[in-house]
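Single-structure report; data block below.
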There are 2 protein chains.
Amino acid sequence: MARANEENRRKPVTLSDVARAAGVSQATASRAINGSQRTVNEELRQRIFTAAEKLNYTANLSAQTVARGTSTTVALLVSDIADAYFSSMAASVMTAAEAAGLRVTIAVTERSVQREIELVRELRGQHARAIILAGSGYLDSDLTEPLVRELEMFEDMGGRVVLVSRMDLPFAGVDLDNLEGAKRLASALVRLGYQSFRVLGGERELVATRDRVAGFRAGLDGHGITLGDDRVIYSNFSWEGGFDAIQAMDDRVLADTGLIFAVNDEMALGALAGLRNRGMRVPGDVALAGFDDIRSLRNIVPTMTTVRVPIEEVGREAIARALEVGDGHQPRVVTAIVVLRESTPRLN
Amino acid sequence: MARANEENRRKPVTLSDVARAAGVSQATASRAINGSQRTVNEELRQRIFTAAEKLNYTANLSAQTVARGTSTTVALLVSDIADAYFSSMAASVMTAAEAAGLRVTIAVTERSVQREIELVRELRGQHARAIILAGSGYLDSDLTEPLVRELEMFEDMGGRVVLVSRMDLPFAGVDLDNLEGAKRLASALVRLGYQSFRVLGGERELVATRDRVAGFRAGLDGHGITLGDDRVIYSNFSWEGGFDAIQAMDDRVLADTGLIFAVNDEMALGALAGLRNRGMRVPGDVALAGFDDIRSLRNIVPTMTTVRVPIEEVGREAIARALEVGDGHQPRVVTAIVVLRESTPRLN
DNA sequence: AGAAGGGTGGAATTCGCTTTCCGAAATCGG
DNA sequence: CCGATTTCGGAAAGCGAATTCCACCCTTCT
């Protein structure tokens, strides 16, 4: 197969090729094919389309972007695309984007603010239409200040910034009511009869950790139960984090625990593995609850109590906000609902 | 916050702004910042970089693409990004791409050839450097012929096509030895004492289905066991497919089955749920094996026997092939290894 | 009938950047 | 010390498409 050697690569057909073939000017061809304000004579249109078809013309997106000065690409920044939560979100964002005629490029931040900054910078160069920044934010403002600056420059350029579930920065976004969700979960669990809780948090600096822990604490407070600081164990916001945290727990502490709330499902799953590894039965010896309701929960036994984040809606809303104009920074809040399952049975 | 209204958007700083600020020509600035063949005087370099820094310059990627005629973007086409297998692959591809200085854009084909064709066409317009086409191919050549044509045009344009685990088309690629993997699995299972098998296939037209089923059958053959056509049940290549196939199975058929091999893990997980739903115990009543070794297997009990696909390696190889020049269509074969776990215990 | 106006095609400019192509200065060789 | 070669900055010509501006023609109204 001697196709496409470096030398004999046929150079792609351009708009002017099409125009020439159709016997019209480039301007007319452009107007016909991409439909501008101006109309073009029906017969010419036909000729142009026929020519385009015959030549197999496809518009050069980069050239269009340069000429128009704006692109139709939105960038989605996630911590880790292999994470079930983010990959579901990516799927929903892509579906919504598709419907809106937008392209999506995904980039991975590896949970590093530094990397986020680099990526935003690069995206400014790509003239992306919007940046959807998912993944939990950081509480440390020294850390995020340069990110904010970079994002502001992105907006200055005409781009739009949409935060997902991390309203720690002054931009538009769609927010999960982490606080309320966790609060209601706590409340529901108390009503099931649980009294002794431990919380598995992700990194301390994460907004999601803070909010979910705070919400859970508030929920318990409402029932007169105090969640001491010593009852919150911080590790990583991931499966391994959950697993390791359990491994590191003292036997007596574990024995004294009625229910473990992991601030996200991945951690809860890690914790589940960790508990089993230690010979504990769930929910027999200890009950377990998570947050997010990721898809892979459907595979486990016992079914797991969690707080469902309507991920489809999040994706849709994120794209909607990306397309909005104006400066509204009021986050659109998506409500999370408590889903009680077998991992937290009612106590007699 | 009155930043970035549509009207007062500061237009982005361009290379010529930088050049002017540094008191050099645009050509020199370009050479300094993007390093061409030619060198530029160290002092000027400094001046230019300082200016760029001060102005917060970022190169306009689209403009670069237009000017250079080639881009640094590779496209990854997957069936469904929310699928654990594909999201892991995406992660590994992105990591490898990052290391090679490439950008990745992900697009979702929704398991439709039509959609694949559209996407390839669009990517031709984007002048992507390469297209990595993952997700199982189709056996029906009437279906794939237009896809091949589109891909050939993409290559004619200078792009590179890399197939992953679907060497059904005449392009470079990285291939999983589905056949060998399934064959060895079958062999291992027979040695564990299993005799009565059922296979859960995905769509009949999928290359992956065909190869894995054929491999499994060949493996059994080697031990004198024949897998009749009636023992292969085709449904969808997804969790739901596995679940539904089990639901639809006749009680007596199920009772007569020693082991179910699902051609991928998602299906196996669906099958597991389906079996439990029918009150069957795994591996007590029936043993179960899958293929891929996706990450979420670590969450389930019993641990599941599967064939591990080294997804990191696949991603790395895919990017490597995307960067290769020349016409080699010999696929780089990645070997899958059998992993026996609790879902298929040794019999008696 | 003639002026005003709407519709429509085309030439030329523009977008931001890369890359020839030139020419001047610097370096080298004998 | 002078011609030959190399080095390096800048002017200008692209890259592919959008768009402005101009010219022309055909209506339409008076």
Side-chain angles (χ1 to χ4, degrees), chain A residues 9-48 51-52 55-73 122-128 157-158, chain B residues 9-48 51-52 55-73 122-128 157-158:
Chain A
R9 86 168 51 156
R10 225 185 298 158
K11 78 168 181 314
V13 337
T14 74
L15 187 57
S16 69
D17 294 332
V18 174
R20 196 172 329 111
V24 301
S25 78
Q26 213 197 72
T28 307
S30 172
R31 294 195 265 251
I33 291 187
N34 294 302
S36 66
Q37 312 289 31
R38 307 225 345 218
T39 66
V40 1
N41 179 292
E42 186 52 30
E43 187 211 323
L44 286 190
R45 264 182 76 81
Q46 281 313 329
R47 281 227 309 272
I48 294 168
L55 296 177
N56 262 305
Y57 170 76
T58 348
N60 181 322
L61 226 189
S62 301
Q64 288 192 144
T65 302
V66 173
R68 295 207 245 249
T70 76
S71 81
T72 59
T73 299
E122 202 174 285
L123 288 166
R124 185 152 56 86
Q126 293 182 50
H127 284 243
M157 195 205 70
Chain B
R9 86 168 52 155
R10 226 185 298 157
K11 77 171 184 309
V13 339
T14 74
L15 186 57
S16 69
D17 294 332
V18 174
R20 195 172 328 113
V24 300
S25 77
Q26 213 196 72
T28 309
S30 170
R31 293 194 266 252
I33 291 187
N34 295 302
S36 66
Q37 312 289 30
R38 304 215 358 208
T39 66
V40 352
N41 180 291
E42 186 52 30
E43 188 211 323
L44 286 190
R45 263 181 77 82
Q46 283 312 330
R47 281 226 311 271
I48 294 169
L55 296 177
N56 261 306
Y57 171 75
T58 347
N60 181 323
L61 227 190
S62 301
Q64 288 191 142
T65 302
V66 173
R68 294 207 247 249
T70 76
S71 81
T72 59
T73 299
E122 202 174 285
L123 288 165
R124 185 150 57 84
Q126 292 183 50
H127 285 242
M157 195 205 71

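The sequence lines fix the lettering, A, B, ..., with proteins before strands; numbering per chain opens at 1. All of these numbers come straight from a predicted model, not from anything done at the bench.
- Separating the CZ atom of A/Arg68 from the P atom of C/dT13 is a distance of 22 Å, rounded to the nearest angstrom.
- On the nucleic acid side, DNA chain D has its first and last nucleotide under 4.0 Å of a heavy atom of chain B at D/dC8 to D/dC15, going 5' to 3'.
- A side-chain donor-acceptor contact under 3.5 Å links B/Thr65 to the backbone of B/Leu61.
- For the atom pair B/Arg124 CZ and A/Asn60 CG, the distance stands at 11.0 Å (nearest 0.5 Å).
- Heavy atoms of B/Ala59 sit under 4.0 angstrom from primed sugar atoms or phosphate atoms, though from no base atom.
- Contact annotation: the side chain of A/Val18 approaches that of A/Ile48 to within less than 4.5 Å [non-hydrogen atoms, C-beta and beyond].
- A distance of 8.5 Å separates OG1 in B/Thr58 from CE in A/Met157, rounded to the nearest 0.5 Å.
- Over its full length, the helix from C/dA1-D/dT30 to C/dG30-D/dC1 turns its helical axis through 30°, comparing axes from the five pairs at each end and rounding to 10°.
- Remark on DNA chain D: of its neighbouring residues A/Arg31 and B/Thr28, the 5'-side contact belongs to B/Thr28, judged by nearest-heavy-atom nucleotide.
- Residue whose closest nucleotide on DNA chain C sits further toward the 5' end, between B/Gln64 and B/Arg38: B/Gln64.
- One can place CD of A/Gln26 at 14 Å from C1' of C/dG9, the figure rounded to the nearest angstrom.
- Nearer the 5' end of DNA chain D, as judged by each residue's closest nucleotide, is the contact made by B/Thr39, out of B/Ala67 and B/Thr39.
- A sub-4.0 Å separation between OP1 or OP2 of C/dC17 and a side-chain N or O of B/Asn34 is absent.
- Nucleotide C/dC15 holds its C1' atom 15 Å from the CG atom of A/Leu61, rounded to whole Å.
- Note: CD (A/Glu42) to C1' (C/dG7) measures 15 Å, nearest angstrom.
- Contacts of A/Ser30 with the nucleic acid, taken as non-hydrogen atoms under 4.0 Å apart, include base atoms.
- With rounding to the nearest 0.5 Å, the separation of CZ in A/Arg45 from CZ in A/Arg31 is 13.0 Å.
- Note that the OG atom of A/Ser62 and the NE2 atom of A/His127 stand 12.0 Å from one another [nearest 0.5 Å].
- B/Gln37 pairs by the side-chain hydrogen bond (donor to acceptor under 3.5 Å, both in side chains) definition with nothing, not counting sequence neighbours.
- The residue A/Val40 sits close only to the backbone: its heavy atoms come under 4.0 Å of sugar-phosphate atoms, none of a base.
- The side chain of A/Ser25 lies closest to C/dA11 when the candidates are C/dA11, C/dT8, C/dC17.
- Proximity of a side-chain donor or acceptor of B/Arg47 to a complementary backbone N or O of B/Ala22 within less than 3.5 Å is detected.
- If you take CZ on A/Arg20 and CG on A/Leu15, they are separated by 10.5 Å, rounding to the nearest 0.5 Å.
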